[in-house]
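Structure, as structure tokens:
These numbers come from the heavy atoms of this one structure, side chains and all, not from hydrogens, waters or symmetry mates.
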Amino acid sequence: MKHENVMNVAKKRGFLWSSFEIYSGVSGFVDYGPLGAILKNNVMEKWRDYYIVGEGFYEIESPTIMPEEALKASGHVDHFTDPMTECKECLDVYRADHILKAATGQEVEGLENQKLTEIISEKQIRCPKCGGHLTHVWSYNLMFQTLIGAKGKKTGYMRPETAQGIFIPFKRLLRFFRNKLPFGVVQLGKAYRNEISPRQGVIRLREFTQAEAEIFINPADKSHPQFSQISSEILSLYSSDCQLNSKDPLQITTQEALDKDIVSSQMLIYQLHIAQKFLREIGIPDKALRFRQHLPTEMAHYAIDCWDVEVHTDNYGWVEIIGIADRTDYDLKSHSEHSGEDLRVFIEYPEPKKVKKIVVKPNMAKFGPAFKGAAPQIIKFLESADSNQIQHALQDEGRFSVKLDSTYHILPEHVKFEEVDEVVRGEKIFPHVIEPSFGIDRIVYSILLHSFKEEKDRSYFKLAKDIAPVKVSVFPLLNKEEMKEMAQDIQFNLRKNGFIAEYDSSGTIGRRYARADEIGVPFAITVDHDSLNDKTVTIRNRDDSEQFRIPSEKVPKIILSLLKSKIEFKDLKKP
RNA sequence: GCGGCUGUAGUAUAGUCUGGUUAGUACUUGGGCCUUCCAAGCCUACAGCCCGGGUUCAAAUCCCGGCAGCCGCACCA
């Protein structure tokens, strides 16, 4: 199977190792070896290139340990905890709420464990499989818990996603972006989930790297200024409709997907498109990709539309590597409520609106004598109250009650109503959030899987030039002192010019080419006898093993042009 | 978390059932010889019984526990 061959080479050549091996290992953790670490960094650098340079977003970095309050607000403390129960007979473990719902049809979400345990014993609910008794309900929280400080009084958690680190300093970010929507903020970093039984290698890790962008937009305007340029791009959309009716994914343009209401907004579909473009450039072909829409039943509590970018793998089937969601205003609203901070944005109307408004004015001749010392504070209350409501109350009930330190009854004679023109320049709203969330580890795995080529006499990673860890290898054709010296000079010169270059003089030339190919080195330079006389060397292309002669002093410049795709390899052929 | 199978150099394996000399082989890797361009050949070196406990005169081998991997179930807002 391809997966095994890939993982084998990846292990052998220092891309991916399982962690803590000398202590038997711990599942759900991986080490990136010397080449894997560069590859991963190159992917992340390219990601930055897309989102920071390309889209104009800015990156921040926030702590990986978060206080409980913040995760309470985000919903993770409550929603990331599953109530579990176990059958005493067959020892199967179940979600307690799922069992209850199936058995009673009753909605039990949000109930305490103790309450769930009570319901189970009251209604005599048994194991659905063998009918055995169930244990008391306990919580399994997917977050790693820790204690902050010497006395450890404050509960902290390892963050389960990087996104929250962006929502929390939203006020500062809003100021940084000078109070204008839309804007985007990204964060790349580790996130942690204590999975019950991670088993799919690098696909399900307990500690993993995310690259997330939070794009804050006006809910009334989810358009994207560049959309027209991508409106005829084709995506493979596996909509919820396709899934429910067992149809194949649709191959349609972004424009059509919007027209048919398959994807909810321009901004969202634009994100789908750039995710596809990104994956294509790092070596994952379109045909191995599809966009799968979350079914209404599986959508997270905060989202209104969510698409997973899935890549096909021989071993695990379709695997989610990116999630792109419209998180609405859920997070900001919730942090606003829990923290008491106003996290809204003032949106100015294109034209100030003139609105006719009824205002209540005290008739002081009657008002003052009636309420005496309490009059000023009642007036203050009336100013902020809804005038319409007061007017209706006076009409319907003949009085309006104001509860302050004691209750005051306002009668029609105390006030009069005036209609005034008011100019409203805008309103405060919670922005909506479009979030592309990339699982970097899964993407690195996908790259290795889909770039691995097995030919009859060699196998190698056909890595995209810009993410290949080692850019160029330099070899002396023979183990002769002069050739070795010249080759080492060339390697040194390449490094001075910023390229990761390897020198190798061990074994035969064919073996060295094979070794370099295997780890995906795009180009090789070989010094031979002629090189010593005319200062030319051969340059070899990994993908077709073609080679041409070039002057040795031009090597760094030519490598640069090749890597930047300013020239094609075949252009090196002398006219 | 449950059950089944498995664990020997960097990789792939022999040996385990039936306990007994220095754990064998191939590839890889390092050094050298040879060599005028795609894993050739020769010499040489490095490197291993998953961890812990038990049984025994003696454990890679038998027993128990742990850890990890694979498969099935469950879980994966």
Side-chain angles (χ1 to χ4, degrees), chain A residues 1 3-5 7-14 17-29 33 71 74-87 89-95 97-99 109 127-130 135 138 140-143 160-161 193-201 203-206 294 297-303 306 315 319-320 323 325 330 455-460 475-480 483 504-518 524-532 537-542 544-547 549:
Chain A
M1 209 146 146
H3 165 84
E4 274 146 40
N5 299 339
M7 292 314 280
N8 220 322
V9 178
K11 189 199 269 185
K12 196 168 74 178
R13 301 304 308 272
W17 297 323
S18 54
S19 299
F20 315 115
E21 263 185 321
I22 64 167
Y23 298 108
S24 294
V26 182
S27 71
F29 297 93
L71 290 161
S74 68
H76 286 92
V77 170
D78 299 322
H79 289 105
F80 224 56
T81 307
D82 293 330
M84 310 291 283
T85 183
E86 187 184 17
C87 170
E89 311 297 325
C90 67
L91 301 175
D92 263 7
V93 176
Y94 301 97
R95 284 275 298 267
D97 52 343
H98 287 183
I99 279 204
E109 211 183 301
C127 171
K129 208 158 101 186
C130 75
T135 63
W138 77 90
Y140 186 79
N141 194 308
L142 253 21
M143 290 194 290
E161 59 175 13
R193 295 178 191 185
N194 199 1
E195 300 283 356
I196 295 173
S197 81
R199 215 196 281 168
Q200 295 144 305
I203 296 299
R204 244 175 105 203
L205 294 173
R206 291 188 162 122
H294 279 205
T297 48
E298 68 176 313
M299 199 106 63
H301 52 285
Y302 48 71
C306 185
N315 214 28
V319 171
E320 174 196 355
Y330 177 86
E455 295 173 359
K456 57 182 183 301
D457 48 3
R458 62 169 183 169
S459 56
Y460 64 108
F475 307 130
L477 181 62
L478 301 173
N479 235 332
K480 296 263 160 59
M483 289 185 200
D504 188 356
S505 63
S506 149
T508 61
I509 190 71
R511 187 184 218 66
R512 285 178 255 154
Y513 286 142
R515 263 201 292 257
D517 286 347
E518 191 172 53
I525 302 291
T526 304
V527 172
D528 58 18
H529 273 132
D530 293 341
S531 310
L532 301 174
V537 293
T538 56
I539 182 167
R540 170 185 178 275
N541 192 28
R542 173 196 67 200
D544 52 15
S545 36
E546 265 215 74
Q547 52 185 39
R549 280 201 96 77

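- B:G24 and B:A9 have their C1' atoms separated by 13 Å, with the value rounded to a whole Å.
- With sequence neighbours left out, the ring pair (Phe, Tyr, Trp, His ring centres under 6.0 Å) criterion links A:His294 to no other residue.
- Distance A:Leu142 CG to B:A74 P: 18 Å, rounded to the nearest Å.
- Considering only residues two or more places apart in sequence or on other chains, A:Asp528 meets the side chain to side chain donor-acceptor pair (under 3.5 Å) condition with A:Ser531, A:Arg549.
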The contact string for nucleotides 27-38 of chain B, one letter per nucleotide 5' to 3', using protein heavy atoms under 4.0 Å with B, S and - for base, sugar-phosphate only and none, comes out as -SSSS---BBBB
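- In this structure A:Arg458 satisfies the salt bridge (charged side-chain N to carboxylate O under 4.0 Å, His left out) test together with A:Glu455, A:Asp517, sequence neighbours excluded.
- Counting to the nearest Å, the C1' atom of B:C51 and the CD atom of A:Glu21 are 14 Å from each other.
- Applying the ring pair (Phe, Tyr, Trp, His ring centres under 6.0 Å) rule to A:Tyr460 yields no partners; only residues at least two apart in sequence or on another chain are considered.
- Nucleotides B:G52 and B:A59 have their P atoms positioned 14 Å apart, rounded to a whole Å.
- Every residue meeting the side chain to side chain donor-acceptor pair (under 3.5 Å) condition with A:Ser19, not counting sequence neighbours, appears here in chain and number order: A:Asp31.
- Qualifying salt bridge (charged side-chain N to carboxylate O under 4.0 Å, His left out) partners for A:Arg515, counting only residues two or more places apart in sequence or in other chains: A:Asp504.
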Reading RNA chain B 5' to 3', what string of ( ), [ ], | and . shows its pairs, if Watson-Crick and G-U wobble pairs count only when both distances fall under 3.5 Å? (((((((..((((......[...)))).(((((.......)))))....(((((..]....))))))))))))....
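- How far CD1 of A:Ile539 is from CD1 of A:Ile525: 4.0 Å, rounded to the nearest 0.5 Å.
- Here, B:C49 and B:A23 have their C1' atoms 8 Å apart, quoted to the whole Å.
- Protein atom CD of A:Glu320 is 12 Å distant from nucleotide atom C1' of B:A77, rounded to whole Å.
- For A:Asn541, the side-chain contact (heavy atoms from CB on, under 4.5 Å) partners at least two apart in sequence or on another chain are A:Phe523, A:Asp543, A:Asp544, A:Phe569.
- Taken from CZ in A:Arg512 to OG1 in A:Thr526, the straight-line distance is 8.0 Å, to the nearest 0.5 Å.
- For the pair A:Leu71 CG and B:A77 P, the interatomic distance rounds to 16 Å; values are reported in whole Å.
- Atom CD of A:Glu161 is separated from atom P of B:C76 by 17 Å (rounded to the nearest Å).
- For A:Arg204, the side chain to side chain donor-acceptor pair (under 3.5 Å) criterion is met by A:Glu195, not counting sequence neighbours.
- Across B:C70 and B:C43, the matching P atoms stand 40 Å from one another, rounded to whole Å.
- Atoms CG (A:Asn194) and C1' (B:C75) sit 13 Å apart, rounded to a whole Å.
- Nearest-nucleotide positions on RNA chain B for A:Arg512 and A:Asn8 put A:Asn8 closer to the 5' end.
- Look at A:Lys11 and you won't find any side-chain N or O under 4.0 angstrom from OP1 or OP2 of B:G10.
- Annotation: side chain to side chain donor-acceptor pair (under 3.5 Å) contacts of A:Asp457 (sequence neighbours excluded): none.
- Between the C1' atoms of B:A26 and B:C62, the separation comes to 31 Å (whole Å).
- Remark: A:Arg193 CZ to A:Arg206 CZ distance equals 13.5 Å, nearest 0.5 Å.
- To the nearest whole angstrom, the two P atoms, one in B:C50 and one in B:G15, are 15 Å apart.
- Rounded to a whole angstrom, the distance from the P atom of B:G19 to that of B:U8 is 22 Å.
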Distances under 3.5 Å only, N/O to N/O: pair up the protein atoms with those of nucleotides 63-70 of chain B.
unit_1, atom_1, unit_2, atom_2, d
B:C67, O2', A:Ser24, O, 3.4
B:C67, O2', A:Gly25, O, 3.3
B:A68, OP1, A:Ser27, N, 3.4
B:A68, O4', A:Ser24, O, 3.1
B:C70, OP1, A:Arg199, O, 3.4
B:C70, OP2, A:Arg199, O, 3.1

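- Straight-line distance between the P atoms of B:U29 and B:G10: roughly 15 Å, to the nearest whole Å.
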